[in-house]
There are 2 protein chains.
Amino acid sequence: MAIEPPLRQSPALLPPLDGDPHLPLYRRLYLAFAQQIARGAWRPGDSLPAETRIAELYRIAPGTVRKAIDELADRRLVDRRHGQGTFIARPNFDNAMLRFFRFRDDRGAPVLPESRILHRGVICLPAALAQRWSIPEAEMIHLARERSWEGQVRLIEDIYLPAVPFAALLEAEESSIGPLLYPAYERLCGQVVYGIEEDIVIRDAAGPDRARLGLGPGALAVEIARIARNAVGEPLEWRLSRAEARRFRYHLALGMEGPDAAWPHDPASMKA
Amino acid sequence: MAIEPPLRQSPALLPPLDGDPHLPLYRRLYLAFAQQIARGAWRPGDSLPAETRIAELYRIAPGTVRKAIDELADRRLVDRRHGQGTFIARPNFDNAMLRFFRFRDDRGAPVLPESRILHRGVICLPAALAQRWSIPEAEMIHLARERSWEGQVRLIEDIYLPAVPFAALLEAEESSIGPLLYPAYERLCGQVVYGIEEDIVIRDAAGPDRARLGLGPGALAVEIARIARNAVGEPLEWRLSRAEARRFRYHLALGMEGPDAAWPHDPASMKA
DNA sequence: AAGTGGTCTAGACCACCCG
DNA sequence: GGGTGGTCTAGACCACTTT
């Protein structure tokens, strides 16, 4: 059982519906709620008011509220629980990087690598990365990190964060950051990652990376360039990770995924 | 402008709603329609009857029909066109393999490789693959194929198909199959791929593959194991592809994808 | 003008979870 | 038992496309 913080009461205030009046009502409601999540006004675990209550407060039909929350649920911003309520979701993208590599314990469960922060400070974003991500060469917070399995450095990461919501990360004790960054972003800076986008390339390992990863000359590296986004799609973090190509693996599904799953209400799935 | 076959009229008959009566109505409607597509009774480009018409014929509320079609549209089985109607979709997963590799023309558009079929016949599925995919070592249709760019073999593929709907593929002239298999499956066998699932691994290239791909000793290969599925998620094709690892690239998005897109009705997106 | 999908309303009743 | 989300009904009116 994972330890969960106690749920907060329903947010006292619903946000105003002030978006572009040309947009459909359910869309404006969706955007207003997503904005509350992105601003940190609603945090993971919080419960929303009941759908009928929301409809009363905004004086709109329950079906319209339902459609807005349908879309929030589709994008995994909220989590509906039949009979209980609707709650702000806490996604888990931090381990998403680990799904790429082959480190498992005897029972096949993923092994959490050790994490060491080599540098933490403010730098100017290198031109090559600014161009790659189409962002200005501004001052940003930089973290350099190494992650190790079995006593060997296996993953090198350079992480860039906008100074504005992430300043607290510079002040914090290293021990208070811990091995997983996204929970630290939430704990220390109130920022939650709801989506990631990755570009993956296999190429010859750069000289310095090769040395740090303990690879021979001519070794290939996998390079993963990631952008992490908040509930309204604004970028929160840019990350460039490198590892030995030979250990890379990945699973992916597009469109229909397997035989149409048994339905939750289907008694057939309750059998023995 | 792509050349499109003429649209067929609305299917004369709607399927009966005979699924498990414990399922929600909209779900039974979804399953009945998806089944029509998988059976080939409804083909890409066909138009559905209007939502209100469907509601009349089944004597159910229009909102229920709408929810069923919402889900078909979410999974890209149908394509809604405001003011026109709803049409069975023709997905394009065939080029999906090409998105992995770096072959582009001067304008950055993907280059279609040459395709050569080396073997076409019935074989018993090799035990290693049967285990990998958890399917029996039954007799299957086998295609071995090489795809070349710039005069060099760059992609090796072994393809396995169940004999039942694909027998026509053995009789067909090779010229009638063409360089893209999924369109051939549709044309010759009436089977349409609506989803794929892939496992990607980087490993040392096997000796025979190395020779065919023109790689030196110690070269790394990317190996892609794919399952292709029809509209109800049943597997249609199993495929194992190998290529030089160094040319591999991939782009991937999970969850929120970029700033919330401008809305179709949003006048701001119509500007200049 | 006619026909289509898109939005919104205003309910009823059911299934599920908790105290 | 009371509150929650889940399903379903039966309309009205709007926006878009084609004839």
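FYI, side chains are in, hydrogens and waters are out, and symmetry mates aren't considered; it's all heavy atoms of this structure. Remember, it's a predicted structure, so these values are computed and weren't measured experimentally. Convention: sequence-line order gives letters A, B, ...; per-chain numbering from 1.
Taking atom CG on A:L25 and atom P on C:dG6, their separation rounds to 17 Å, with Å as the unit. Atom P of nucleotide D:dA10 and atom CD1 of B:I60 are separated by 11 Å, given to the nearest angstrom. Summarising the geometry, the separation between CZ on A:R53 and P on D:dG5 is reported as 13 Å, rounded to the nearest angstrom. Rounded to an integer number of Å, the gap from A:R66 CZ to D:dC8 P is 11 Å. If you take CG of A:L29 and P of C:dT7, they are 14 Å apart, rounded to a whole angstrom. When the P atom of C:dC8 is taken as reference, atom CZ of A:R27 falls 12 Å away, rounded to whole Å. Atom C1' of nucleotide C:dC8 and atom CG of A:L23 are separated by 15 Å, given to the nearest angstrom. The distance from atom CD1 of A:I54 to atom C1' of C:dC8 is 17 Å, rounded to the nearest whole Å.
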Below 3.5 Å is the cut-off: list the nitrogen or oxygen pairs between protein and nucleotides 2-4 of chain D, distance only.
| unit_1 | atom_1 | unit_2 | atom_2 | d |
| --- | --- | --- | --- | --- |
| D:dG3 | N2 | A:G83 | O | 2.9 |

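Along DNA chain C, the nucleotide closest to B:I69 and the one closest to A:A61 are compared, and the more 5′ of them pairs with B:I69.
Proximity of A:V192 to A:I37: side-chain heavy atoms (C-beta onward) are nowhere separated by under 4.5 Å. Looking at B:F33 and B:L14, their side chains come closer than 4.5 Å, going by heavy atoms from C-beta outward. With contacts defined as side-chain heavy-atom distances shorter than 4.5 Å, the pair B:E237/B:Y182 qualifies. By the 4.5 Å heavy-atom criterion applied to side chains, B:R75 and B:Y194 are not counted as neighbours. In this structure the side chain of A:V232 never reaches within 4.5 angstrom of the side chain of A:R39, judged on heavy atoms. Contact check for A:D70 versus A:Y26: no side-chain heavy atoms found under the 4.5 Å cut-off.
Proximity note for A:P62 (side chain, C-beta onward) versus C:dA10, C:dG6, D:dT7: the nearest is C:dA10. Between C:dT7, C:dT9, D:dA10, one nucleotide has an atom nearer to the side chain of A:T64 than all others, and that is C:dT9.
OP1 or OP2 of C:dC8 has not a single side-chain nitrogen or oxygen of A:Y26 nearer than 4.0 Å. The side chain of B:R80 places an N or O atom within less than 4.0 Å of a non-bridging phosphate oxygen (OP1 or OP2) of C:dG6. Taking only side-chain nitrogens and oxygens, A:K67 never comes nearer than 4.0 Å to OP1 or OP2 of C:dC8.
The 12-atom threshold is not exceeded at CZ of A:R76, counting heavy atoms of other residues, nucleotides or ligands nearer than 6.0 Å.
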